Amino acid sequence: MSARARVPGLAECIRLTYKYGMLDNIRWHSLVVARLAVTLHAGLLAMQPGRVQADMGLVMAGALLHDIAKTPCLAGNCHHAELGAEICLAEGFPEVAYIVGQHVRLDPFDEAGYEDGYFGPRELVHYADKRVRHHSIVSLDERLDYVLQRYGEHDAARCRSLEKHFGQCRLLERLLFRWLPFPPEALGVS
């Protein structure tokens with residue numbers, strides 16, 4: 001059995017955001033995503049005491065670092081989830097790299113596992129990221145509208161792909177909130 005991989009703490013995550021030149025607005029977004037992911041994690045713990053849940057430190061680190069490569073990719077010459085995963089691997093954080101690499105699209109999408117109430121760090125970070133536009137918590141519909149405007153580039157095929165992806169995220173939301181003591185709307189807007 002292999003030893004558990006090292007997970008960066010809060011100070012290390014913040015240091016890495018500066019090391020890799022994360023813009024302040026992206027850092028703020030990541031902090032709100034982390035707050036939301038931790039709220040989801042706490043809700044799952046409250047509703048399923050005694051059931052093994054995702055590691056809180058891993059949820060936090062994945063959320064704080066999910067956009068570690070967003071700044072260099074703003075010019076459109078790279079995919080920030082892929083580059084972010086590479087950065088996390090190079091820094092010695094393979095479990096965080098997996099979360100970062102999955103925060104844009106969940107693959108695989110484990111519907112059967114979600115039906116049974118298991119949501120790992122990658123699902124919590126993925127969902128939390130989809131609910132945060134800049135530094136505000138918004139609905140999935142509001143976030144999709146923003147994503148289509150910002151990244152759809154008036155390309156019908158790209159827009160269909162984004163809409164399909166958000167359809168999957170809506171399903172994740174329905175399944176996740178079956179296991180939480182509050183509805184999606186309770187996350188509020190900020």
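Everything quoted here is computed from the prediction, not taken from an experiment.
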Asks: Linking I/L/V/M/F/W/Y whenever any side-chain heavy atoms sit under 4.5 Å apart, do Val32 and Met56 land together?
Replies: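 Yes, same cluster.
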Asks: Linking I/L/V/M/F/W/Y whenever any side-chain heavy atoms sit under 4.5 Å apart, do Val104 and Leu162 land together?
Replies: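 Each belongs to a different hydrophobic cluster.
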Asks: Could you walk me through whether Arg160 and Glu163 pass the salt bridge (charged side-chain N to carboxylate O under 4.0 Å, His left out) check?
Replies: CA-CA 5 Å; Arg160 279 192 303 276; Glu163 289 167 348; over 6 Å; no
Asks: Report yes if some heavy atom in the side chain of His135 is under 4.5 Å from a heavy atom in the side chain of Trp28; otherwise report no.
Replies: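 Touching, per the 4.5 Å side-chain cut-off.
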Asks: Show me, pair by pair, the donor-acceptor contacts under 3.5 angstrom made by side chains of residues 82-93, not counting sequence neighbours?
Replies:
from: Glu91; atom 1: OE2; to: Lys19; atom 2: NZ; distance (Å): 2.7
from: Glu91; atom 1: OE2; to: Tyr20; atom 2: OH; distance (Å): 2.5

Asks: Determine the minimum heavy-atom distance between Pro184 and Tyr127, stating which atoms define it.
Replies: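 Reported closest heavy-atom pair: CB-OH, 4.1 Å.
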Asks: So, does Arg122 use its side chain to make a donor-acceptor pair with the main chain of Gln102 at under 3.5 Å?
Replies: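 No.
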Asks: Among pairs that include at least one residue of residues 36-76, which meet disulfide bond (SG atoms under 2.5 Å apart), considering only residues two or more places apart or in two chains?
Replies: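 Sorted pair list: Cys73-Cys78.
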Asks: Check whether any side-chain heavy atom of Leu40 lies under 4.5 Å from a side-chain heavy atom of Leu180, and answer yes or no.
Replies: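 A side-chain contact exists here, since the closest heavy-atom pair is under 4.5 Å.
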Asks: Give, for atom CG of Leu148 and atom CG of Asp145, the distance between the pair rounded to the nearest 0.5 Å.
Replies: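 The distance works out to 6.5 Å.
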Asks: Do Cys169 and Leu140 have side-chain heavy atoms sitting under 4.5 Å apart?
Replies: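 Yes, their side chains come closer than 4.5 Å.
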Asks: Indicate yes or no: at least one non-hydrogen side-chain atom of Glu123 is less than 4.5 angstrom from one of Leu176.
Replies: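 They are not in side-chain contact.
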Asks: Please answer whether the main-chain N or O of His103 pairs with a side-chain N or O of Lys130 as donor and acceptor at a distance below 3.5 Å.
Replies: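 Side chain of Lys130 to backbone of His103, a donor-acceptor pair under 3.5 Å: yes, one is there.
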Asks: Asp141 and Arg170: salt bridge (charged side-chain N to carboxylate O under 4.0 Å, His left out), yes or no, with the steps?
Replies: CA-CA 9 Å; Asp141 288 337; Arg170 282 187 189 92; 2.6 Å; yes
Asks: Can you check salt bridge (charged side-chain N to carboxylate O under 4.0 Å, His left out) on Arg178 and Glu115, steps first, answer last?
Replies: CA-CA 9 Å; Arg178 287 181 185 170; Glu115 289 274 358; 2.8 Å; yes
Asks: Hey, mind stepping through Ser161 and Arg105 against side chain to side chain donor-acceptor pair (under 3.5 Å) and telling me if it holds?
Replies: CA-CA 11 Å; Ser161 176; Arg105 288 203 168 92; 3.2 Å; yes
Asks: Run the numbers on Arg27 and Asp24 for side chain to side chain contact (heavy atoms under 4.5 Å, CB included), then give the verdict.
Replies: CA-CA 5 Å; Arg27 188 176 299 106; Asp24 288 342; 2.7 Å; yes
Asks: Locate the shortest heavy-atom distance separating Leu187 from Thr39; write the atom from each residue and the value.
Replies: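 So the minimum-distance heavy-atom pair works out to CD2-CG2, 4.2 Å.
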Asks: Over all heavy atoms of both residues, which pair between Tyr98 and Pro108 is shortest? Give the atoms and the distance, please.
Replies: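 So the minimum-distance heavy-atom pair works out to OH-CD, 4.1 Å.
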Asks: Are the side chains of His66 and His29 in contact, using a 4.5 Å heavy-atom criterion?
Replies: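 Of all side-chain heavy-atom pairs linking His66 with His29, at least one is under 4.5 Å.
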Asks: Kindly determine whether Val38 and Arg35 satisfy side chain to side chain contact (heavy atoms under 4.5 Å, CB included), including the steps that lead there.
Replies: CA-CA 5 Å; Val38 166; Arg35 184 185 79 192; 6.0 Å; no
Asks: Is the backbone of Tyr118 close enough, under 3.5 Å, to the side chain of Asp116 for a donor and an acceptor to pair up by distance?
Replies: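 Absent.
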Asks: Determine the minimum heavy-atom distance between Ala69 and His80, stating which atoms define it.
Replies: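 Looks like CB-O, 3.5 Å.
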Asks: Starting at CG of Asp129, measure out to OG of Ser30 and round the result to the nearest 0.5 Å.
Replies: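 Answer for the CG-OG pair, Asp129 versus Ser30, is 8.0 Å.
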Asks: Using every non-hydrogen atom in the two residues, find where Ala61 and Val7 come nearest and quote the distance to one decimal.
Replies: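 That closest heavy-atom pairing would be CB-CG1, 4.0 Å.
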Asks: So which atom in Thr71 and which in Met22 form the shortest heavy-atom distance, rounded to 0.1 Å?
Replies: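 Taking every non-hydrogen atom into account, OG1-CA, 3.4 Å.
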Asks: Shared ILVMFWY cluster between Leu10 and Leu36, side chains joined below 4.5 angstrom?
Replies: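 Yes: a chain of side-chain contacts under 4.5 Å links Leu10 to Leu36.
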Asks: Is a side-chain donor or acceptor of Asp67 paired with a backbone partner of Lys70 at a separation under 3.5 angstrom?
Replies: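 It does not hold such a pair.
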Asks: Check whether any side-chain heavy atom of Leu44 lies under 4.5 Å from a side-chain heavy atom of Leu124, and answer yes or no.
Replies: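 With C-beta onward as the side chain, the pair touches.
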Asks: Check step by step if side chain to side chain contact (heavy atoms under 4.5 Å, CB included) holds for Ile99 and Leu58.
Replies: CA-CA 9 Å; Ile99 297 165; Leu58 194 52; 3.6 Å; yes
Asks: Could you check Val138 against Tyr146 for side chain to side chain contact (heavy atoms under 4.5 Å, CB included), going step by step and ending with a plain yes or no?
Replies: CA-CA 10 Å; Val138 298; Tyr146 170 78; over 6 Å; no
Asks: Begin with the C-alpha distance, continue with both residues' side-chain angles, and end with the deciding distance and a verdict on side chain to side chain donor-acceptor pair (under 3.5 Å) for Asn25 and His134.
Replies: CA-CA 7 Å; Asn25 63 312; His134 304 297; 5.3 Å; no
Asks: Side-chain heavy atoms under 4.5 angstrom apart, residues restricted to Ile, Leu, Val, Met, Phe, Trp, Tyr: same cluster for Leu74 and Val100?
Replies: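 Leu74 clusters together with Val100.
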Asks: Among the clusters formed by ILVMFWY side chains lying less than 4.5 Å apart, do Leu31 and Ile137 turn up in the same one?
Replies: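 Yes, because Leu31 and Ile137 connect within a single hydrophobic cluster, where side-chain heavy atoms sit under 4.5 Å apart.
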Asks: Is the shortest side-chain heavy-atom distance between Phe119 and Leu172 below 4.5 Å?
Replies: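 SC-SC contact between Phe119 and Leu172 confirmed.
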Asks: Kindly say whether the aromatic ring centers of Phe109 and Tyr114 come within a distance under 6.0 Å.
Replies: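 Yes; Tyr114 has its ring centre under 6.0 Å from that of Phe109.
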Asks: Are side-chain heavy atoms of Pro8 and Val96 found at a separation under 4.5 Å?
Replies: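 The answer is yes, as the side chains (C-beta and beyond) meet within the 4.5 Å cut-off.
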